[in-house]
Amino acid sequence: MPELPEVETICRGITPLIVGLSIAGIIIREPRLCVLIPADLSASLHGRTVLAVSRRAKYLLIHCSGDCTLLIHLGMSGTLRFFAEPLSCERHDHVEIIFDQGGRLRFRDPRRFGAILLSHGDPLAHPALAGLGPEPLSDEFTTDYLYRRSRQRTVAVKSFLMDQKTVVGVGNIYASEALHAAGIVPWRPCGTISRRRYALLVKEVRAVLLHAIEAGGTTLRDFQSAAGKPGYFAQELMVYGRAGDQCRKCGGEIQNIRIGGRSSFYCSGCQS
DNA sequence: CATGCGGCCTGGCAGC
DNA sequence: TGCTGCCAGGCCGCAT
């Protein structure tokens, strides 16, 4: 589910709801998601105040008092929702953070590919975050950077783009979308792409992500914001999930092939 | 080192 | 209706 726009949507959604609240406790029903055992996690968080919420790559960072940060990854199927009132929990409601002021943050993740980590000190130095590439919406993500990094490499440009060491936050949906917008066929070896085309790709990656954030993310099946609302970018997808349909730009037929084990969508009319 | 693939999990859906 | 197989937004570790 969640690529950068979805995580950003959650981040913006929960920030005004939980900043300033203090943590009364944490309920962990599925310990496999957490690196720390429940008792340790609970002890580490109890009594701390939420100072800020931010996003790095596809991780959500909940910054707490005492130099302690909760890192939450939503995996493929995770959602994070805030409830003002206690509600009975459902299947796959694995973790819940309860606040002294009332309200609770609930982490649901049917496929359990998500993770909850705890960082002391600088969260960006945490092993989960330390080796990641630049943020696509930052100044570090430039044509030169992508061009230089891709030289002498043979991986498909789509896999290159989805590699979180290249650039973070771009997953299967937005990689297909950005490559379509840039007119680049997804299987092209990344080392054979010109600087000029990378310039366009950088621009289109940024554009598609910003556009998706504005729409509140893409809801294919179960993504929802912290308030439980779906994202509206699905209706604006140009290629993802549209195999056999007409390209909205050129009328060609959208193709679906597998690259690096992932479904990849493109239009042979617009992309080369 | 770079690349490609299987595995981790469950649910939903198409096809029989 | 019910079963089977396949697919799914991510990422890690292993074999080549």
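The sequence lines fix the lettering, A, B, ..., with proteins before strands; numbering per chain opens at 1.
- In the displayed structure, A:Arg151 atom CZ is contacted under 6.0 Å by more than 12 heavy atoms of other residues, nucleotides or ligands.
- An OP1 or OP2 oxygen of C:dG9 is reached within less than 4.0 angstrom by no side-chain nitrogen or oxygen of A:Tyr174.
- Taking every side-chain heavy atom of A:Gln164 into account, C:dC11 is the closest of C:dC11, B:dT3, C:dG9.
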query = Once each nucleotide of nucleotides 7-14 of chain B is scored for protein heavy atoms under 4.0 Å, what B/S/- sequence comes out, 5' to 3'?
reply = -BBBSS--
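- Distance A:Ile173 CD1 to C:dA8 C1': 10 Å, rounded to the nearest Å.
- Helical stems in DNA chain B, defined as runs of 3 or more consecutive Watson-Crick or G-U wobble pairs with both donor-acceptor distances under 3.5 Å, are listed by first residue as B:2-8 with C:10-16, B:10-16 with C:2-8.
- Distance A:Asn172 CG to C:dA8 P: 8 Å, rounded to the nearest Å.
- Ring orientation note: the planes of A:Phe233 and A:Tyr174 are tilted relative to one another, at an angle of 30° to 60°.
- Using bins of under 30°, 30° to 60° and over 60° for the plane-to-plane angle, the ring pair A:Phe160/A:Tyr198 lands in the perpendicular bin.
- A cation-pi arrangement is present between A:Arg195 and A:Tyr147, with the terminal nitrogen or guanidinium carbon under 6.0 Å from the aromatic centre and inside a 45° cone about the axis.
- When rounded to the nearest whole Å, the span between CG of A:Leu132 and C1' of C:dG10 equals 13 Å.
- Note on A:Lys165: every side-chain N or O is 4.0 Å or more away from OP1 and OP2 of B:dA2.
- Between A:Ile10 atom CD1 and C:dG9 atom C1' the separation is 13 Å, expressed in whole Å.
- For A:Ser159, no side-chain nitrogen or oxygen approaches OP1 or OP2 of B:dT3 to under 4.0 Å.
- Atom pair A:Arg262:CZ and C:dA8:P shows a separation of 8 Å (rounding to whole Å applied).
- Contact annotation for A:Gly171: backbone-only contact, meaning every heavy-atom pair under 4.0 Å involves sugar-phosphate atoms and none involves a base.
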task = Could you please spell out the steps behind the ring pair (Phe, Tyr, Trp, His ring centres under 6.0 Å) verdict for A:Phe107 and A:His94?
result = CA-CA 6 Å; A:Phe107 181 51; A:His94 300 312; 7.1 Å; no
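- What separates NZ of A:Lys158 from P of B:dT3 is a distance of 16 Å, to the nearest Å.
- Atom CE in A:Met162 sits about 14 Å away from atom C1' in C:dC12, given to the nearest Å.
- Along DNA chain C, the nucleotide nearest A:Gly261 and the nucleotide nearest A:Tyr59 are compared for position; the residue whose nucleotide lies closer to the 5' end is A:Gly261.
- The side chain of A:His73 lies closest to C:dC11, out of B:dT3, C:dC11, C:dG9.
- For the P atoms, the distance from C:dG5 to B:dG7 is 16 Å, rounded to whole Å.
- A salt bridge links A:Glu96 to A:Arg29: at least one charged side-chain nitrogen sits closer than 4.0 Å to a carboxylate oxygen.
- Looking at A:Glu90 and A:Arg108, a side-chain N of the basic residue comes within less than 4.0 Å of a carboxylate O on the acidic one, giving a salt bridge.
- With 3.5 Å as the limit, one finds no donor-acceptor pair spanning the side chains of A:Ser263 and A:Tyr240.
- For the P atoms, the distance from C:dC7 to B:dC5 is 14 Å, rounded to whole Å.
- Atom CG of A:Asp163 is separated from atom P of C:dC12 by 10 Å (rounded to the nearest Å).
- Separating the P atom of C:dC14 from that of B:dC9 is a span of 16 Å, rounded to the nearest Å.
- You'll find that the side chain of A:Glu3 is closest to C:dG9, out of B:dG4, B:dA2, C:dG9.
- A salt bridge links A:Glu135 with A:Arg55; the closest basic N to acidic carboxylate O contact falls under 4.0 Å.
- For the side chain to side chain contact (heavy atoms under 4.5 Å, CB included) with A:Ile27, the lone residue among A:Asp93, A:Ile98, A:Val95, A:Ile97 that qualifies is A:Ile98.
- No contact: A:Arg108 has no heavy atom under 4.0 Å from any strand.
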